[in-house]
2 protein chains.
Amino acid sequence: MTDYDPHAYPPFALTVDLVVLTVRDGELQVLLVRRGVAPYQGRWALPGGFVQIDEDLRAAAVRELREETGLRLDDVHLEQLATYGAPRRDPRMRVVSVAWLVLAPDLPSPVAGTDASDASWRPVDGTLSSGRLAFDHASILSDGVERARAKLEYSSLGASFCDDKFTVGELRAAYEAVWGVELDPRNFHRKVTGTPGFLVETGRTTTRGGGRPAMLYTARDAALNPPLLRG
Amino acid sequence: MTDYDPHAYPPFALTVDLVVLTVRDGELQVLLVRRGVAPYQGRWALPGGFVQIDEDLRAAAVRELREETGLRLDDVHLEQLATYGAPRRDPRMRVVSVAWLVLAPDLPSPVAGTDASDASWRPVDGTLSSGRLAFDHASILSDGVERARAKLEYSSLGASFCDDKFTVGELRAAYEAVWGVELDPRNFHRKVTGTPGFLVETGRTTTRGGGRPAMLYTARDAALNPPLLRG
DNA sequence: GCAAAAGTGTTACCCTTACACCCATGT
DNA sequence: ACATGGGTGTAAGGGTAACACTTTTGC
């Protein structure tokens with residue numbers, strides 16, 4: 001960082017944009033809002049908004065997540081994706097946007113408590129191929145999907161697409177939707193249950209989905225992340 | 001992105017910071033500049049500077065790379081790392097910084113054409129353990145090193161630490177320095193030469209380093225990236 | 001009983017690892 | 001001749017992929 005004249009630095013507008021991914025109806029979907037004003041009026045866009053001047057970047061992402069999607073941080077995985085700042089990406093003024101990747105389970109009440117006038121889940125494939133998103137959001141979405149696909153290979157993030165308690169079959173369905181492939185149920189089961197630190201048995205089983213009762217798992221061992229002090 | 005009042009958005013100062021890594025003397029080193037003014041006067045910091053109001057983010061990183069380190073984009077690998085924007089990360093005002101990761105070969109003229117008053121290569125290990133970098137630059141450096149170590153596992157980026165033409169032994173030395181491990185020369189050779197699209201033989205050999213002449217390779221096949229139109 | 005999904009066993013294959021061994025140069 | 005690093009051969013072990021088979025439910 002170099003010296004500077006505190007009265008002469010150029011001012012930038014700063015936003016956060018959210019790539020909120022989930023698995024619905026067996027396919028990867030993204031949460032989009034419809035723009036009510038120009039530019040790109042009527043077009044679909046990623047949810048997002050301006051960062052407040054005393055607000056942490058992650059806090060801004062969490063706030064927009066709550067305001068525009070009704071999701072809470074406890075429910076989802078949130079990580080920084082990248083920052084987009086081409087000079088003309090917003091035709092009105094210089095806006096730099098820090099994009100965040102959110103992986104969310106399929107929610108019982110889709111997009112509850114939404115701030116935006118019109119928000120809905122849309123299939124990622126059709127959205128990207130139609131090329132009709134506002135601003136550079138198609139590029140951001142593409143990067144987010146690529147990141148999600150890559151991270152599922154070397155992390156336990158796939159569980160972020162599942163509910164609190166889930167079966168191995170439900171987890172496999174999430175992977176199949178994100179990657180667009182079919183996985184062998186037997187080998188997938190052995191792999192995820194055999195990887196230490198990935199799944200934790202709850203001791204409970206379920207028959208939702210039919211067939212033989214399946215063990216329910218959680219993604220992390222709650223005992224390893226105790227709720228701070230307990231008394 | 002939501003609606004906004006174009007006269008009411010909060011203004012942010014925007015900088016780029018560079019994590020420039022190289023391998024020197026068999027260890028991973030980072031390029032640091034010494035701050036001449038408060039705050040953190042006299043402390044080491046990452047090179048960087050303000051983004052101009054009509055400048056692309058990557059262009060700002062490339063400009064700072066040239067101004068502060070004398071490196072050209074042709075010589076190095078450059079990728080966005082992450083964006084840091086904690087409200088008090090700069091005690092004077094709200095500054096958000098887009099950090100970039102640069103992987104550079106060990107240069108014959110170290111840090112030529114430097115803009116900063118005092119710049120030098122410093123071992124990463126000692127720098128991180130001393131905890132004396134300005135601002136949140138220790139955190140940025142730590143993230144950059146982690147990214148570099150991770151990417152070497154599933155990409156051919158290790159060659160970014162080598163000169164234009166290099167031997168398998170030189171490439172192995174780069175991996176050993178970044179990871180801090182010893183690799184079996186025989187198996188390493190088989191692996192990198194056997195991975196399609198990683199190395200391209202030049203047909204030339206060298207005896208620098210002693211021993212039997214070693215084949216010289218380049219990282220990419222120039223024929224696959226033709227200089228646009230040629231005829 | 002039958003369909004459906006869960007879960008186990010088994011085997012072939014591939015990639016990694018460890019290390020014996022040979023090659024081609026400088027001194 | 002010898003040291004030095006380059007490069008090949010080979011065999012053991014671990015993980016993956018393919019698939020036969022058993023288990024336990026709902027209907």
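Naming convention: chains lettered A, B, ... in sequence-line order (proteins, then strands); numbering from 1 in each chain. Model, not experiment: these values are computed from the prediction.
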Atom CZ of A:R208 and atom P of C:dA6: how far apart are they, to the nearest Å?
-> 11 Å
Enumerate the residues from residues 178-186 of chain A whose closest heavy atom to DNA chain D is under 4.0 Å, giving them by residue number; use none for an empty result.
-> A:D184, A:R186
Please tell me which of B:R190 and A:R190 maps to the more 5' nucleotide of DNA chain D, matching each residue to the nucleotide holding its nearest heavy atom.
-> B:R190
Once each nucleotide of nucleotides 22-27 of chain C is scored for protein heavy atoms under 4.0 Å, what B/S/- sequence comes out, 5' to 3'?
-> -BBB--
Apply side-chain contact (heavy atoms from CB on, under 4.5 Å) to A:I140 and A:L133, showing your working.
-> CA-CA 10 Å; A:I140 300 175; A:L133 288 188; over 6 Å; no
Extract, from 5' to 3' on DNA chain D, the first and final nucleotides lying under 4.0 angstrom from some heavy atom of chain B.
-> D:dT4 to D:dT10
Who are the side-chain hydrogen bond (donor to acceptor under 3.5 Å, both in side chains) partners of B:D184, not counting sequence neighbours?
-> B:R186
Does the B:R72 side chain pair with the main chain of B:R66, one donor and one acceptor, at a distance under 3.5 Å?
-> no
Below 4.0 Å: OP1/OP2 of C:dG7 and any side-chain N or O of A:H189 | yes
Please round to the nearest 0.5 Å and tell me the distance separating atom CG of B:L183 and atom CZ of B:R172.
-> 7.5 Å
B:F188 CZ - C:dC19 C1' separation (whole Å) | 18 Å
Once you round it to whole Å, what is the distance between C1' of C:dC14 and NZ of B:K191?
-> 13 Å
Do A:D163 and A:R208 sit within salt-bridge range, that is, some charged N less than 4.0 Å from a carboxylate O?
-> no
If you measure only the distance, is there a donor-acceptor pair under 3.5 Å linking the side chains of A:Y84 and A:D143?
-> yes
Stepwise side-chain contact (heavy atoms from CB on, under 4.5 Å) check, A:L46 with A:W100 = CA-CA 10 Å; A:L46 299 175; A:W100 296 78; over 6 Å; no
Quick one: ring-ring contact (aromatic ring centres under 6.0 Å, His included) pairs with a partner in residues 187-218 of chain A, sequence neighbours left out?
-> A:Y175-A:F188
Would the number of heavy atoms belonging to other residues, nucleotides or ligands and lying under 6.0 Å from CZ of A:R132 be above 12?
-> no
Please report, rounded to the nearest Å, how far the P atom of C:dC13 is from the CG atom of A:N187.
-> 16 Å
Evaluate the side-chain contact (heavy atoms from CB on, under 4.5 Å) criterion for residues A:T167 and A:L216: first the C-alpha distance (whole Å), next the side-chain angles of each, then the deciding distance (0.1 Å), finally the verdict.
-> CA-CA 5 Å; A:T167 69; A:L216 282 167; 3.9 Å; yes
Set of side-chain contact (heavy atoms from CB on, under 4.5 Å) partners for A:R122, sequence neighbours left out = A:L32, A:W44, A:S120, A:T127
